[in-house]
Number of protein chains: 2
Amino acid sequence: MVRKSATGRVGIADVAVKAGVSHATVSRVMNGNYTVDPDIAARVRAAAAELKYQPNPVGRSLALGKTDTIGIVVPDLANPTFQAILRGLSRAAAQDGYRVLIADSFEVSSEEAILAGEARRRCDGLVLCAPRMTDAELEDIVPSLHPLVLINRATATKGVPSLVVDYGQGVQDIAEHLVELGHTRLAFLAGPPRSASNGLRLQGLEAFKAAHPDVEVTMLEGGSDFDTGHEAVDAVLDSGATGILAFNDLVAMGLMSGLHERGLDVPGDISVTGFDDIPFAKYTTPALTTAAVPITELGEQAWQQLRALIRKEDSDAPGSRYQPRLEVRASTGPAKAPRTAVHG
Amino acid sequence: MVRKSATGRVGIADVAVKAGVSHATVSRVMNGNYTVDPDIAARVRAAAAELKYQPNPVGRSLALGKTDTIGIVVPDLANPTFQAILRGLSRAAAQDGYRVLIADSFEVSSEEAILAGEARRRCDGLVLCAPRMTDAELEDIVPSLHPLVLINRATATKGVPSLVVDYGQGVQDIAEHLVELGHTRLAFLAGPPRSASNGLRLQGLEAFKAAHPDVEVTMLEGGSDFDTGHEAVDAVLDSGATGILAFNDLVAMGLMSGLHERGLDVPGDISVTGFDDIPFAKYTTPALTTAAVPITELGEQAWQQLRALIRKEDSDAPGSRYQPRLEVRASTGPAKAPRTAVHG
DNA sequence: GAGAACCGAGAAAGCGCTTTCTCGTGCCGG
DNA sequence: CCGGCACGAGAAAGCGCTTTCTCGGTTCTC
């Protein structure tokens with residue numbers, strides 16, 4: 001005999017009636033408030049069990065002022081990097097009883113601010129990945145988003161931890177690795193023009209060029225996915241470079257696939273490197289040399305920081321910087337004798 | 001001068017005071033109820049804008065009895081298949097103004113029922129992917145989860161659409177393809193033992209074996225990830241099979257990687273096939289022959305079905321069956337001459 | 001010009017829960 | 001033997017919103 005409240009679901013009132021007590025008491029029992037007579041508590045629990053009563057989280061959230069939910073804004077759910085962040089975040093948050101609400105901006109940066117605001121209002125905190133948003137816009141919305149954790153973006157606003165990967169250093173490490181293998185003509189297959197992390201890579205390359213005036217570094221336009229890499233084959237060959245730094249692993253995989261189709265050998269003819277060390281990088285043929293970013297861990301860290309903010313703990317770690325680790329695999333090898341541009 | 005309500009955020013009451021009207025009127029204006037005098041409406045809007053007022057979604061949800069949020073339960077967020085479903089679902093739902101809450105059960109099937117219940121209560125509907133849950137348990141919880149859409153599971157309960165991929169047929173198509181290439185000794189590198197979709201594949205293989213008594217099909221234990229495939233190399237070689245049907249693309253990639261390390265040629269020595277056609281399948285070397293499942297579309301469809309349920313439309317499509325499409329690429333080729341000679 | 005129909009906005013009642021406030025009970029000590 | 005106190009549970013006040021109800025003020029009709 002399940003009584004039905006106005007909405008058709010079992011509510012606290014139904015349990016109260018069944019147990020012959022007030023809703024207040026039911027609430028107390030459900031929340032483990034032990035100022036309730038054990039007998040009554042047992043009666044309430046029995047009634048709740050019989051009715052299969054489960055508190056309505058919305059009512060609970062309104063009364064408590066918290067939702068036990070956090071939000072994450074990502075620019076592209078198809079990108080393994082954000083998938084990994086989401087995974088790490090979700091797992092860590094789940095351990096503390098929090099759920100995560102996702103907001104995919106589909107690379108439409110104008111949407112990001114709105115999505116972020118909406119998500120934030122529904123949740124107790126927010127993790128924001130907004131690589132294309134301008135600094136100005138970011139500074140603009142950040143104050144209204146607290147508690148907030150930024151990923152791969154920095155802000156001047158206090159109390160907003162920001163987790164950033166040192167892409168600049170990573171790119172330099174890769175370039176150094178190629179130079180050590182004897183490459184003197186490199187090419188950087190860039191990411192999306194307005195991407196913040198692409199900017200960091202470019203800075204790293206500038207530093208590298210300053211340290212190695214003898215090495216030629218060609219800049220090529222690109223993007224962030226397979227197809228970008230696949231379509232860049234001609235540009236790459238035209239550059240005459242023997243060591244290619246792709247924006248990320250996806251681009252590198254696309255490029256290797258394209259080179260393979262042209263009958264070129266990696267790393268025999270050309271060395272290719274990626275970035276991120278996504279799970280697939282280990283299983284490409286040849287296995288991809290890349291800069292490993294502890295990306296799942298980054299998602300976990302994002303939760304730790306956010307949790308501290310939500311709990312209003314004085315987090316002494318206002319953010320962290322992650323150093324990529326060079327992962328040398330089989331896609332890089334000694335440079336071939338210098339060669340002039342080849343056409344396929 | 002932003003007034004603050006008890007919670008420290010701008011509330012409807014603040015706007016009401018500032019505009020010199022009642023909250024009711026503010027609410028009417030915010031919801032586009034045009035029984036309000038234009039002048040007053042303008043005043044309210046101005047006040048709201050100045051205060052940067054944004055309605056609290058929790059209060060709104062409680063009053064409206066809906067959250068504009070749907071939930072999805074997945075067994076493993078690291079699996080590209082579920083990532084794709086999530087992506088399709090999220091995109092489709094976003095178009096209708098819905099957000100998605102994720103619940104990752106981390107393959108702990110005992111958690112799935114609880115997670116599903118919790119997620120459902122927070123949301124207006126639920127998409128459930130629970131491949132390891134027993135049929136009994138599934139039937140047990142399904143009624144309490146409505147509106148609900150199942151993925152790759154069926155239920156006897158009415159009004160619960162179920163979107164299933166015809167894994168059985170897909171496996172048969174792949175096996176036929178290998179037979180046409182001259183393979184007579186096949187091996188199936190199975191998925192997780194209790195996986196529902198693995199069961200469907202096994203059924204398909206039984207049908208295949210019945211139709212091809214002459215073909216030897218070895219069953220090998222497996223799993224669902226890279227490592228499974230990578231570690232199965234010995235077992236695969238021991239089987240003497242020349243055509244390997246891997247549980248999915250991940251397993252196939254792991255296997256190819258392992259075979260490559262042993263100096264074996266795919267498809268020269270052994271043909272390997274996957275399942276799912278994840279985005280990476282096209283870029284492996286050799287490109288993977290697989291059965292393509294329109295998985296993102298499946299996520300979108302899940303939303304369409306769920307939306308119909310939420311809106312109480314009489315959906316005449318209680319579910320759909322998806323036929324995988326054989327995608328022949330470079331990882332399969334003619335069988336090497338087995339013990340018996342091959343005649344021209 | 002008086003009553004009816006109308007219209008717009010405030011008052012108030014929820015939505016389902018938590019928590020403070022309040023009060024009746026039973027027990028203690030003086 | 002009675003005042004004070006601790007305690008346990010009900011009443012009620014929110015949490016922030018939507019929506020019905022209500023009512024004062026118009027406008028319309030005959």
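Lettering follows sequence order; numbering is per chain, from 1.
We find that B:Asp104 and A:Arg91 are not joined by a salt bridge, their nearest charged nitrogen and carboxylate oxygen being 4.0 Å or further apart. Classification of A:Arg99 and B:Glu118 as a salt-bridged pair holds, one side-chain N sitting under 4.0 Å from a carboxylate O. We find that A:Asp135 and A:Arg153 are joined by a salt bridge, their nearest charged nitrogen and carboxylate oxygen being less than 4.0 Å apart.
Both B:Gly59 and B:Arg43 sit near DNA chain C, but only B:Arg43 has its closest nucleotide nearer the 5' end. In this structure, B:Leu64 and B:Asp37 both approach DNA chain C, and ranking their closest nucleotides by distance from the 5' end singles out B:Asp37.
A donor-acceptor contact under 3.5 Å is not formed by the side chain of A:Arg60 with the base of C:dT19.
Counting to the nearest Å, the C1' atom of C:dG16 and the CG atom of A:Asn56 are 6 Å from each other. Whole-Å rounding puts the B:Ile12 CD1 to D:dG14 C1' distance at 16 Å. If you take CZ of A:Arg9 and C1' of C:dC17, they are 15 Å apart, rounded to a whole angstrom. Here D:dC15 presents its P atom at 21 Å from CZ of A:Arg122, a figure rounded to the nearest Å. Atom CG in B:Asn33 sits about 11 Å away from atom C1' in C:dA9, given to the nearest Å. One can place NZ of A:Lys66 at 14 Å from C1' of C:dC17, the figure rounded to the nearest angstrom. The separation between B:Arg28 atom CZ and C:dG10 atom P is 8 Å, rounded to whole Å. In this structure, CD of B:Gln54 is placed 14 Å from C1' of D:dG16, rounded to the nearest angstrom.
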For this session: Please test B:Gln301 against B:Ser320 for side-chain hydrogen bond (donor to acceptor under 3.5 Å, both in side chains), starting from the C-alpha separation and ending with a verdict.
Result: CA-CA 9 Å; B:Gln301 267 303 315; B:Ser320 322; 4.7 Å; no
For this session: Could you walk me through whether A:Arg60 and A:Asn31 pass the side-chain hydrogen bond (donor to acceptor under 3.5 Å, both in side chains) test, one step at a time?
Result: CA-CA 11 Å; A:Arg60 203 149 190 282; A:Asn31 293 293; 2.7 Å; yes
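Distances shorter than 4.0 Å separate some side-chain N or O of B:Asn31 from OP1 or OP2 on D:dT18. A close approach under 4.0 Å does not occur between any side-chain nitrogen or oxygen of B:Tyr53 and OP1 or OP2 of D:dG16. For A:Tyr34 and D:dA9, the shortest distance from a side-chain N or O to OP1 or OP2 is not below 4.0 Å. Put simply, B:Thr25 has a side-chain N or O that comes within less than 4.0 Å of OP1 or OP2 on C:dG10.
With C:dT19, D:dC15, C:dA9 as the candidates, the nucleotide lying closest to the side chain of A:Ala24 is C:dT19.
B:Val58 comes within 4.0 angstrom of nothing in the nucleic acid, heavy atoms only. Among the protein residues, B:Thr35 comes within range of the sugar-phosphate backbone only, with heavy atoms under 4.0 Å from sugar or phosphate atoms but none that close to a base.
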